[in-house]
Amino acid sequence: SLSLKRQYDLHSSLQQRSWAQANVMPLTSWLSTLWEQHASTGYLLSPWQEQQRWQTLVQGDDTIITLNPEKTAALAQQANTLMDQWGIPADTSELCNADITRFLHWRELFRAELSEHNWVTQGTLTAAVIDLLASRPLPLPPRIGLLGFDELTPMTTTLIAELEQH
């Protein structure tokens with residue numbers, strides 16, 4: 001990329017022989033690491049654990065029959081994560097059909113379970129780290145760069161704003 005070329009040219013002009021090694025990782029991995037190292041309460045569910053919770057909710061619902069509860073649970077988990085990351089409110093009942101109403105019911109049960117057990121999911125991890133950053137100073141790298149994003153979710157934008165304050 002042009003940015004990398006400029007950095008290389010700058011280092012070459014300064015006659016530096018090597019660069020400091022960059023610690024490159026996916027955003028979710030970095031957030032998970034921050035959470036696990038600095039959160040004093042709560043437990044971060046793995047994607048598999050979260051999937052199991054959704055499957056339990058879907059399979060335990062006697063009001064509907066699903067042909068593929070695993071796929072239904074996976075789609076519900078995905079929709080829930082998107083709602084969390086994009087800040088979509090659950091009180092959109094005027095836009096609901098029976099499927100959306102059922103999903104929102106499962107989501108309400110799921111969120112109650114998270115709250116009861118003080119669990120954090122991949123969807124709520126960004127908000128949890130934002131709260132952690134707001135509560136106390138954390139050791140952060142001197143420079144943080146985000147690459148490869150086509151679009152930033154509102155939650156990621158809020159995270160960036162919180163990081164800029166530290």
Going by heavy atoms in the side chains, are Trp119 and Glu50 under 4.5 Å from each other?
-> no

Leu104 side, atom CG; Thr101 side, atom OG1 - distance, nearest 0.5 Å | 6.5 Å

Is it the case that one hydrophobic cluster holds both Val129 and Phe149, taking links as side-chain heavy atoms less than 4.5 Å apart, direct or via other members?
-> yes

Hydrophobic cluster identity match, Met155 and Leu82, side-chain contacts under 4.5 Å | no

Side-chain contact test, heavy atoms from C-beta onward, threshold under 4.5 Å: evaluate it for Asn80 versus Asp84 and give yes or no.
-> yes

Does Gln37 reach the side chain of Leu138, with side-chain heavy atoms less than 4.5 Å apart?
-> no

Within-4.5 Å side-chain heavy-atom neighbours: Leu146 and Trp30 = no

Is atom CD of Glu108 surrounded by more than 12 heavy atoms (other residues, nucleotides or ligands) closer than 6.0 Å?
-> no

I would like to know whether Tyr43 and Glu36 meet side-chain hydrogen bond (donor to acceptor under 3.5 Å, both in side chains); could you show each step before the answer?
-> CA-CA 8 Å; Tyr43 177 77; Glu36 290 168 356; over 6 Å; no

Can you check whether Gln122 reaches Leu44 side chain to side chain, under 4.5 Å on heavy atoms?
-> yes

Are side-chain heavy atoms of Leu159 and Leu133 found at a separation under 4.5 Å?
-> yes

Step-by-step side-chain hydrogen bond (donor to acceptor under 3.5 Å, both in side chains) determination, Thr153 to Thr156 | CA-CA 5 Å; Thr153 66; Thr156 303; 2.9 Å; yes

